[in-house]
K.L.:
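Before we start, here is the structure in question, set down as structure tokens.
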There are 2 protein chains.
Amino acid sequence: MMNTTLKLLAQQLQLSISTVSRALKDHPDISTATKEKVHALANSLDYEPNAYAIQLRTQSSKIFGVIVPAIANLFYDSFIAAIEEESRKNGYALMILQSSNNTENELNNLKIFRQNRVSGVFACLSAHTQNLEVYEKMSDRAIPVVFFDIVPKDNKYTKVRMADERCAIIAAEKIIERGAKRVLAIFGDPALSISQKRKQAFQQFMEKYAAKTHCTYINTHSSAEAEAAFDKHFNKSQKFDTVFAMTDEILIGVMKSIQAHNIKVPKEIGVISISNGFIPSLYHPVISYVETSGYELGKLAFVQMLANIKGGKTLSELTVDAKFVEGESM
Amino acid sequence: MMNTTLKLLAQQLQLSISTVSRALKDHPDISTATKEKVHALANSLDYEPNAYAIQLRTQSSKIFGVIVPAIANLFYDSFIAAIEEESRKNGYALMILQSSNNTENELNNLKIFRQNRVSGVFACLSAHTQNLEVYEKMSDRAIPVVFFDIVPKDNKYTKVRMADERCAIIAAEKIIERGAKRVLAIFGDPALSISQKRKQAFQQFMEKYAAKTHCTYINTHSSAEAEAAFDKHFNKSQKFDTVFAMTDEILIGVMKSIQAHNIKVPKEIGVISISNGFIPSLYHPVISYVETSGYELGKLAFVQMLANIKGGKTLSELTVDAKFVEGESM
DNA sequence: TTCATTTATGCAAACGTTTGCGGTAAATTT
DNA sequence: AAATTTACCGCAAACGTTTGCATAAATGAA
């Protein structure tokens with residue numbers, strides 16, 4: 001069965017293509033009578049405008065591109081879910097590509113986006129991407145880019161991210177409130193700016209407001225490493241009374257060790273983490289955490305994108321604030 | 001900066017558009033000399049073909065549509081990751097929309113896909129979608145549809161899914177091997193065909209091969225319900241020695257109760273579930289599970305799609321087999 | 001030299017829209 | 001009755017490609 005086009009409708013109705021086109025979009029030039037006829041036939045023939053023709057003609061695509069390191073990720077998938085919702089509301093669709101934290105993939109993805117003339121792209125930098133000239137290329141093409149989560153340092157870009165320092169500080173506050181004496185603070189890959197920021201903020205805050213509290217700082221690269229590290233440190237004579245996990249990954253490792261040794265939470269040890277919320281809810285008792293919502297970040301990113309498209313430039317950096325979610329682990 | 005087009009290249013080189021077009025795609029008609037000149041200029045001017053024009057002209061889009069109930073889901077996001085990988089390899093991009101298990105959204109999504117003339121769609125039915133005529137409309141438009149996971153009953157569709165019955169049977173086998181005497185088997189929403197299939201297969205197998213084993217079957221709709229159910233049943237005088245969780249969601253509930261009561265796994269109770277693998281690995285001891293890989297399913301779905309596009313019809317139903325992954329909980 | 005063939009290139013239509021401009025008839029005003 | 005306005009509608013170009021066909025030049029065969 002053929003696709004019905006404006007031409008077809010026009011022929012059947014003995015009208016010109018332009019009239020049909022205008023009738024379909026309620027142009028005031030067209031009489032109500034014709035409009036009705038056109039709509040009727042369009043419905044019965046199941047007319048659906050060809051997006052490509054429109055995009056070619058109007059030079060705008062109603063599609064956003066999204067680059068994430070990985071789709072299968074608790075944080076990014078909620079980010080995606082958020083912009084998907086907003087996009088739909090605003091008549092946009094999403095094209096999602098994953099970089100697998102690989103700069104080459106990132107480049108290819110951008111290329112696909114350019115070729116498809118997307119209206120904008122949401123980009124999360126790969127861990128080790130340094131060269132941003134590809135993104136300049138997007139700007140040359142007047143395609144706005146909103147960076148999220150892992151963002152470039154340069155202030156000429158539009159970016160949204162979590163309030164990383166705030167997260168760490170909130171966690172520190174809670175730890176101090178608890179009256180912790182000895183805390184083990186576990187952070188992620190030290191090469192990542194997010195690890196650096198969180199660690200620095202945490203450490204600074206602790207030193208300033210709880211100088212007497214004894215803190216041990218370590219970095220790990222995986223769940224398993226975190227588990228091993230916790231194991232090792234917990235077996236020492238001086239036991240920790242509180243552990244802080246910078247990410248879900250780390251929390252998972254810590255909790256495995258805690259379960260393995262049947263350590264009582266929060267009696268023997270207090271646990272606090274930074275998380276999206278899903279993982280902390282898996283355990284009993286439910287873990288207290290500082291919330292970093294990919295969902296919220298997505299909403300914010302979308303607002304920025306829209307502003308960028310409509311109004312022009314918004315070269316600021318916005319952050320979504322963090323809040324403490326009380327569990328039973330502290 | 002203007003987008004460079006074939007026309008622009010042609011002008012600058014004093015060639016016709018068609019020559020440039022052909023040169024760019026290594027058409028044998030074009031002399032090596034011109035080819036080189038064209039490529040050189042195209043590179044320096046950063047030419048990138050306009051996908052819309054191509055699609056309009058060729059009536060084919062190099063884009064696949066994907067409908068999932070939710071992106072933020074352990075199973076579906078690994079499915080998506082798989083088809084994303086394959087798509088990229090084959091020069092396709094993905095357009096991903098979520099139905100939120102809502103039939104109306106599903107319809108809208110399909111519409112967007114039609115308007116964008118996607119080359120094919122991967123669809124997971126919403127829980128309560130009955131009317132499939134929208135999908136017929138896709139076929140009318142010669143857009144192949146590969147259903148996955150939640151698939152229609154009718155055999156005229158192309159579908160891939162997990163071997164649901166097999167999963168349940170493998171679990172049952174392991175439970176029998178363990179020499180279980182009293183098992184609590186918890187299934188999901190009884191309205192879902194997947195729950196029905198798994199339950200039926202499980203029950204039948206147990207009755208046939210372990211008639212003396214006492215099984216209690218229950219259905220739950222959420223993690224919290226599963227937790228409550230486990231709580232309730234475990235407090236009875238006759239304790240279960242094994243629990244089977246049909247999904248991650250259920251397992252999560254069960255494990256919370258187990259942690260809360262500090263029940264020893266596997267000594268006091270054996271645990272087995274059906275899962276993607278992520279959740280079972282979170283606990284200590286690591287939970288044994290029957291693997292249903294969204295990733296594998298994605299790969300399979302893609303193969304089907306390609307066959308459908310290239311060869312013509314492939315109206316079969318394919319399933320990806322399940323395998324047991326040994327943890328320490330049995 | 002002449003005709004046939006190969007090699008290299010250009011012409012123009014088509015894909016399905018949108019939209020500025022112009023046109024005609026009817027309705028309204030002088 | 002003539003002039004002007006209003007209400008509808010159509011023409012045609014443009015968006016950037018692809019591709020069948022025609023054309024011109026260069027080569028080969030006779």
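All values derive from a computational prediction rather than experimental measurement. Each chain gets a letter, A, B and so on, in the order its sequence line appears, and its residues count up from 1. The basis for the numbers below is simple: all heavy atoms, side chains too, and nothing from hydrogens, waters or symmetry mates.
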K.L.:
Round to a whole Å and report the spacing from CD1 of B:Ile54 to C1' of C:dA14.
P.N.:
15 Å
K.L.:
Side chains of B:Asp77 and A:Tyr76: do they bring a donor and an acceptor to under 3.5 Å?
P.N.:
no
K.L.:
CG of B:Leu6 versus P of D:dA14: gap in Å, rounded?
P.N.:
17 Å
K.L.:
What about B:Arg22: does its side chain form a donor-acceptor pair under 3.5 Å with the base of C:dG10?
P.N.:
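Such a pair is found, so the answer is yes.
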K.L.:
Is the B:Phe79 ring parallel, tilted or perpendicular to the B:Phe148 ring (thresholds 30°, 60°)?
P.N.:
parallel
K.L.:
C:dG16 C1' sits how many Å from A:Leu24 CG, rounded?
P.N.:
13 Å
K.L.:
Provide, to the nearest angstrom, the distance between the CD atom belonging to A:Glu48 and the P atom belonging to C:dT17.
P.N.:
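Interatomic distance, CD of A:Glu48 to P of C:dT17: 11 Å.
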K.L.:
Whole angstrom is fine here: how far is it from CG in B:Leu9 over to P in C:dT9?
P.N.:
16 Å
K.L.:
Nearest-Å distance, NE2 (A:His27) to P (C:dC21)?
P.N.:
13 Å
K.L.:
In terms of side-chain heavy atoms of A:Ser31, which of C:dT9, D:dT17, D:dC8 is nearest?
P.N.:
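The answer is D:dC8, which lies nearest to the side chain.
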K.L.:
Would you mind classifying the nucleic acid contact of B:Asn50 as base, sugar-phosphate or nothing, using non-hydrogen atoms under 4.0 angstrom?
P.N.:
sugar-phosphate
K.L.:
As a test of reading the structure: which of C:dA12, D:dC9, D:dG16 is closest to the side chain of B:Ser18, going by heavy atoms?
P.N.:
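Of C:dA12, D:dC9, D:dG16, C:dA12 is nearest to the side chain of B:Ser18.
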K.L.:
Taking only the side-chain heavy atoms of B:Ser16 (C-beta and beyond), determine which of D:dC15, C:dG10, D:dC9 contains the nearest atom.
P.N.:
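Closest of the options to the side chain of B:Ser16: C:dG10.
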K.L.:
Between D:dG10, C:dT9, C:dT17, which nucleotide has the shortest distance from any of its atoms to the side chain of A:Tyr47?
P.N.:
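Selected nucleotide (nearest to the side chain): C:dT17.
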K.L.:
Rounded to whole angstroms, how far apart are CD1 on B:Ile30 and P on D:dA25?
P.N.:
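The distance from CD1 of B:Ile30 to P of D:dA25 comes to 17 Å, rounded to the nearest Å.
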K.L.:
Could you work out which one of D:dC9, C:dC15, D:dG16 sits closest to the side chain of A:Lys7?
P.N.:
C:dC15
K.L.:
Take the angle between the ring planes of B:Phe64 and B:Phe302 and call it parallel below 30°, perpendicular above 60°, tilted in between.
P.N.:
perpendicular
K.L.:
Under 3.5 Å, is there an N or O donor on one side and an acceptor on the other linking the side chain of A:Thr34 and the base of D:dC8?
P.N.:
no
K.L.:
Which heavy atom in B:Ala82 sits nearest to a heavy atom in B:Tyr295, and how many Å separate them?
P.N.:
CB-O, 3.2 Å
K.L.:
Using the side-chain heavy atoms of B:Thr19, tell me which of these nucleotides is nearest: C:dT17, C:dT19, C:dG10.
P.N.:
C:dG10
K.L.:
Pick the closest DNA chain C nucleotide for B:Lys35 and for B:Arg117 by heavy atoms, then say which residue is nearer the 5' end.
P.N.:
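Nearest nucleotide further toward 5': that of B:Lys35.
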K.L.:
Describe, in one word, how the ring planes of B:Tyr157 and B:Phe147 are oriented to each other, choosing from parallel (under 30°), tilted (30 to 60°) and perpendicular (over 60°).
P.N.:
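Aromatic pair B:Tyr157/B:Phe147 classed perpendicular.
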K.L.:
Given that B:Leu56 and B:Pro28 both sit by DNA chain C, which one's nearest nucleotide is further toward the 5' end?
P.N.:
B:Pro28
K.L.:
Would A:Glu136 and A:Lys156 count as a salt bridge (charged side-chain N to carboxylate O under 4.0 Å, His left out) if you check the C-alpha gap in whole Å, the side-chain angles of each, and the deciding distance to 0.1 Å?
P.N.:
CA-CA 11 Å; A:Glu136 301 289 346; A:Lys156 67 180 167 184; 3.0 Å; yes
K.L.:
Regarding A:Gln115, tell me which of base, sugar-phosphate or nothing describes its non-hydrogen contacts under 4.0 Å with the strands shown.
P.N.:
nothing
K.L.:
Rounded to whole angstroms, how far apart are CD on B:Gln11 and P on C:dT9?
P.N.:
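These atoms are roughly 19 Å apart.
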K.L.:
I want to verify a distance call: between D:dC9, D:dC15, C:dG16, whose nearest atom is closest to the A:Asp29 side chain?
P.N.:
D:dC9
K.L.:
Of the candidate nucleotides D:dG16, D:dG10, C:dG16, which contains the atom at the shortest distance from the side chain of A:Gln59?
P.N.:
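Closest of the options to the side chain of A:Gln59: D:dG16.
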K.L.:
Among the candidates D:dT17, C:dG20, D:dG16, find the nucleotide nearest to the side-chain atoms of B:Ile17.
P.N.:
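Nucleotide nearest to B:Ile17's side chain: D:dT17.
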